[in-house]
**Student:** 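Can you read through this structure? Questions will come right after.
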Protein chains: 2
Amino acid sequence: MSITEKAKEILANSGYKVTNQRKRILEIILDNTHRHMSAEEIYEIVKDENLDVGLATVYRALELFEELNIIHKMNFGDGRSRYELKEEDHHHHHLVCTSCNEVFEVDEDLLDQLEEKVEKKYKFRITGHHLKFLGICENCHEQQRLGD
Amino acid sequence: MSITEKAKEILANSGYKVTNQRKRILEIILDNTHRHMSAEEIYEIVKDENLDVGLATVYRALELFEELNIIHKMNFGDGRSRYELKEEDHHHHHLVCTSCNEVFEVDEDLLDQLEEKVEKKYKFRITGHHLKFLGICENCHEQQRLGD
DNA sequence: CTCACTGCAAATGCTTTGCAAAATC
DNA sequence: GATTTTGCAAAGCATTTGCAGTGAG
């Protein structure tokens, strides 16, 4: 079963109604996970498709999906929340370029040992984590070099 | 030289004017770093001292301190920015309790090897990082146990 | 049919900004 | 004294909410 189908099944089985708006919003997130979209960006897409959807509905749908553990709200410091699909057993990290503000993904999780250490030492039951590296991406670094 | 004096020196040497408001706001941050204060919280303190300071000034001072690399703006998901002193060579992480929303500090940095690995593999020059663990703190865990 | 869901517009909460008065250098 | 900086109030954004109408089950 594809991620898309799985997510829709979660929605259908949640007891909440499966509306066209929710279906479309979920699809957009699923199709653009790597883009870490904001509510406004998702809204722009549905609006361009001439669907009758309000921005408030987008926010309400995102809130619902988060509650159902389908998506995940993030903050990259640009003043708005961004969302991505929450894939079980697929933890990854983010590289945020402080020059062009692009966000790249590190497609592996290397924190297991660290978590264990922290859990023991601080008596804190860890259920998740966010690791964000700040720095300069290859592109920007290249351009800085050429600019010299 | 204490951190406080150092920070004040940075301010004095920055070319910006050393006003009473800036001095007091900086002091409050320095005295309460572990509390990760918000602009509003800082404002409440100066207001209680009957100092004639506006909330806008607090925001402007925080913006300035961030620019001078004295403090660091953070987001713990509660809808407001929080600030802490930026101490060189003193990287640490945060434990955010998803039950009581308290933020604890992990007073060590264990990401060096990881950073090196990521820099090479992703050709990304890392200048900083944020690591936040989500979970349940000892207190909340204890209370849940007692509640059974 | 019923109740959850929606769009709209108004409200909220954090943060920023315009401006005349005040303070620093 | 000239130029920053400030307080206040108003404006600016992202997000939330109230409400009457709409639609899924």
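Each chain gets a letter, A, B and so on, in the order the sequences are listed, and its residues count up from 1. Hydrogens, waters and symmetry mates play no part in the numbers below; they use all other heavy atoms, side chains included.
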**Student:** Would B/E67 and B/Y16 count as having a side-chain donor-acceptor pair, cut-off 3.5 Å?
**Tutor:** yes
**Student:** Heavy atoms only, 4.0 Å cut-off, all strands: where does A/Q21 land among base, sugar-phosphate and nothing?
**Tutor:** sugar-phosphate
**Student:** For the residue pair A/E115 / A/H129, report whether a side-chain donor-acceptor contact shorter than 3.5 Å exists.
**Tutor:** yes
**Student:** Hey, which sits more toward the 5' end of DNA chain D by its nearest nucleotide, A/A56 or A/E40?
**Tutor:** A/E40
**Student:** Less than 6.0 angstrom separating the ring centers of B/H92 and B/H94, yes or no?
**Tutor:** yes
**Student:** When the aromatic ring centroids of B/H72 and B/H130 are compared, is their separation below 6.0 Å?
**Tutor:** yes
**Student:** Measuring to OP1 and OP2 of D/dA14, would you say a side-chain N or O of A/S81 lies under 4.0 angstrom away?
**Tutor:** no
**Student:** Can you tell which of D/dT6, D/dT5, D/dT17 lies closest to the side chain of A/R60?
**Tutor:** D/dT17
**Student:** Measure from CZ on B/R80 to P on D/dT16 and round the result to the nearest Å.
**Tutor:** 13 Å
**Student:** Could you check how far CG of B/N20 sits from P of D/dT5, rounded to whole Å?
**Tutor:** 14 Å
**Student:** Which whole-number value in Å describes the distance from A/Y43 OH to C/dC8 P?
**Tutor:** 7 Å
**Student:** Whole-Å distance between C/dT24 P and B/R24 CZ?
**Tutor:** 17 Å
**Student:** For A/T19 and D/dG23, is the shortest distance between a side-chain N/O and OP1 or OP2 below 4.0 Å?
**Tutor:** no
**Student:** Tell me: OH of A/Y59 to P of D/dC13, nearest whole Å?
**Tutor:** 13 Å
**Student:** Out of C/dC8, C/dC25, C/dT15, which nucleotide sits closest to the side chain of B/L55?
**Tutor:** C/dT15
**Student:** Would you mind telling me which of C/dT17, C/dT15, D/dG25 lies closest to the side-chain atoms of A/V18?
**Tutor:** D/dG25
**Student:** Just to verify, what does B/K86 make a side chain to side chain donor-acceptor pair (under 3.5 Å) with, not counting sequence neighbours?
**Tutor:** B/N69
**Student:** CD of A/E63 versus P of C/dT6: gap in Å, rounded?
**Tutor:** 12 Å
**Student:** Of the candidate nucleotides C/dC5, D/dT5, C/dT15, which contains the atom at the shortest distance from the side chain of B/R22?
**Tutor:** D/dT5
**Student:** Counting the atoms with a prime plus P, OP1 and OP2 as sugar-phosphate, which does B/S38 contact under 4.0 Å by heavy atoms, base, sugar-phosphate, or nothing?
**Tutor:** nothing
**Student:** Nearest whole Å is fine: how far is D/dT15 C1' from A/E41 CD?
**Tutor:** 15 Å
**Student:** Quickly work out the B/D52 CG to C/dA21 P distance and round it to whole Å.
**Tutor:** 16 Å
